[in-house]
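Take a look at the structure set out below.
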Amino acid sequence: MPVAKTLSAAINGIHAFKVEVEVNISPGLFNYSTVGLPDAAVRESQERVLAALQNSGFEAPVKRITVNLAPADLRKEGSTFDLPIAVAMLLAENLVSAETPPTMIIGELALDGRIRPIKGALSASMLARDQGVARLIAPKENAREAAVIAEVEVIGVESLPQLIQFLNGYEQIEPTKVSVDEVFQQPDWDGLDFSEVKGQAHVKRALEVAAAGGHNTLMIGPPGSGKSMMAKRIPTILPEMTIDEAIETTRIHSVSGKLGANMALVTRRPFRSPHHTISDAGLIGGGTSPTPGEVSLSHNGVLFLDEFPEFKRSALEAMRQPLEDGNVTIARSSMSVTFPSRFMLAAAMNPCPCGYYTDPSKECLCGEHVIRKYRSKISGPLLDRIDIHIEAPAVKWREMMGADGGEPSSAIRERINTARKTQLARFTGTSVYCNAQMNSRQIKKHCELDEASRSILKTAVEKLGLSARAHEKALKVARTIADLAGVERIRPEHIGEAVQYRSLDRDRL
Ligand SMILES: Nc1ncnc2c1ncn2[C@@H]1O[C@H](COP(=O)(O)OP(=O)(O)OP(=O)(O)O)[C@@H](O)[C@H]1O
Ligand SMILES: [Mg+2]
Ligand SMILES: [Zn+2]
């Protein structure tokens, strides 16, 4: 069989595409060429494939070897094709039996024949399912991730010799099985808990509303008021992830190579807190072969930006599009890639450079001009995209010394889980998971106001000069507050609370 074929997958963004690997071996002087838009890593695969074959006890044929990756017009990156190329060569030389059932193969080869993990195994497994391919041969370290797709039989392999033994029927390999219920077991929060936070009842309330509906939130207050402390405890009250959310998030982490070995799924909502010196590309995504940035790595979770105005203005402005659209497109001359980016932004800042502008006990030393310049870093359009603005005042000595820290995170999380379930039921059959993600049409449908509520909102719009976007944000937040209260109709007190969370619109920060 001079021409042999195997099936593999190429990753573009978070999607996998079918790639047919064809190997033709014909008589002639030794020559090895790869065609079909391969990038450098694919071309280097030649060295790895030949060395791995040799070190597994197979001499590479001293003939003309042509490897074709089809379709040719699709850009292929990385080292995923090493293994399917090696198997196709062995098939062409009749050294392994043709694989049955239909099989997809992914994996990188080390020179000594070991099989190394690759990026995007979950996406490849989803592709196999969608294409009706029954079996996926994948690196052992990726097997649990791929096996999340129950319809595909995943064979995890450690080395090329082992795979050859398997294909020739000399070795059995048990398909990898993953119980999704088991991987979803309750996470542990490193001992952090909201009960450690004293006072700040209304900030905690705002964070509860934010976590319940997935709303972007900005905390503003003097140094030491507990902003960073509270933000770090947000993960302890985030609602459970649905399986669909977990799969979406896992795909992003997987194509970035950030999923640990033998890990099946990201089951905890991400909480990412990049430092303010992060580059635009680090935040938004980028690179010559585009990789997801923090906005995508926090998809379905929280992106916490502490010291908000210290971030580069360009990075903050570039965040507007992903915040608005829930995805981010990275354009390159050779390709353009889109990554999901539906995260809940949690930001914290001081009211002025010295920090004490709103603190009654300490004098602020900043001039008005300096304060204005500091705040102007957070532009109006960016502020517009933040649903909840909340002041975290200095904690009073009395509160600090009091014993009561209030409710534990578990109690808050229980209410949030209930409110989130209401939302999931509301949005069944759509791609929306929580109130913050509603589009204008959904807002109209689900946020109807009675006469009294409408008049409260109207007054607020006039007094605060709310933009159309800020007006929609208030409606969404009111929806979440009503969901937390367990009622179908938004009541005046719900819209009243939602409007309070627009305080910075008034200050024209
Ligand atoms: N409300 C609070 N309850 C209990 N401890 C608190 C509270 N606020 C602050 N603290 C204590 O003070 C420390 C500093 O607080 P934190 O770092 O959260 O302040 P911050 O508001 O982020 O300040 P900065 O503006 O300087 O970043 C915390 O680690 C905690 O020990
Ligand atoms: Mg802080
Ligand atoms: Zn100041």
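Each ligand, and each atom within it, is numbered from 1 in the order the structure gives.
- With contacts defined as side-chain heavy-atom distances shorter than 4.5 Å, the pair Ile371/Cys364 qualifies.
- Considering each of Gly221, Ala394, Gly226, Gly199, the one bringing a non-hydrogen atom nearest atom 8 (N) of ligand 1 is Gly226.
- When hydrogens are left out, the protein atom nearest atom 12 (O) of ligand 1 is Gly224 O, 4.4 Å; that is the closest non-hydrogen contact.
- Salt bridge Glu245/Arg269: present, at least one basic N to carboxylate O contact under 4.0 Å.
- Close contacts of ligand 1 with Asn350, meaning ligand atoms under 4.0 Å from a residue heavy atom, involve 25 (O).
- Under the 4.0 Å criterion applied to side-chain N and carboxylate O atoms, Glu196 and Arg233 are assigned as salt-bridge partners.
- Ion pairing between Asp82 and Arg116 fails under the 4.0 Å rule for side-chain N and carboxylate O.
- Of all protein heavy atoms, the one closest to atom 27 (O) of ligand 1 is Glu307 OE2, 3.4 Å.
- Salt-bridge check for Arg469 with Glu324: passed, with a basic side-chain N closer than 4.0 Å to an acidic carboxylate O.
- Residue Val197 has at least one heavy-atom neighbour below 4.0 Å for each of these atoms of ligand 1: 1 (N), 3 (N).
- The atoms of ligand 1 that sit less than 4.0 Å from any heavy atom of Ser228 are 17 (O), 18 (O), 20 (P), 22 (O), 27 (O).
- In this structure, Arg320 pairs ionically with Glu317, as a charged nitrogen and a carboxylate oxygen lie closer than 4.0 Å.
- Closest protein heavy atom to atom 5 (N) of ligand 1: Met400 CE, 3.2 Å.
- The Mg ion (ligand 2) has an N, O or S atom of Ser228 under 2.8 Å away, backbone or side chain.
- The SG atom of Cys354 and the SG atom of Cys352 meet at the Zn ion (ligand 3) at an angle of about 110°, given to 10°.
- You'll find the side chain of Phe308 stays beyond 4.5 Å of the side chain of His276, heavy atoms only.
- Ranking the protein heavy atoms by distance from atom 7 (C) of ligand 1 puts Met229 SD, 3.8 Å first.
- The atoms of ligand 1 that sit less than 4.0 Å from any heavy atom of Glu196 are 3 (N), 4 (C).
- Rounding to 10 degrees, one finds that the Zn ion (ligand 3) sits at the corner of an angle of 110° between Cys366 SG and Cys364 SG.
- For atom 29 (O) of ligand 1, no protein non-hydrogen atom is found at a distance below 4.0 Å.
- Look at Gly355 and you'll find every heavy atom at least 4.0 Å from all atoms of ligand 1.
- Using a 4.0 Å cut-off between charged nitrogen and carboxylate oxygen, Arg205 and Glu497 count as a salt-bridge pair.
- Any N or O atom pair closer than 3.5 Å counts here, and Met230 shares no such pair with ligand 1.
- Looking only at protein heavy atoms, the nearest one to atom 3 (N) of ligand 1 is Lys198 N, 2.8 Å.
- Of the residues listed (Leu127, Ile149, Ile14, Leu259), the one engaging Leu122 in a side chain to side chain contact (heavy atoms under 4.5 Å, CB included) is Ile149, and it is the only one.
- Salt-bridge check for Arg454 with Glu448: failed, with every basic side-chain N at 4.0 Å or more from each acidic carboxylate O.
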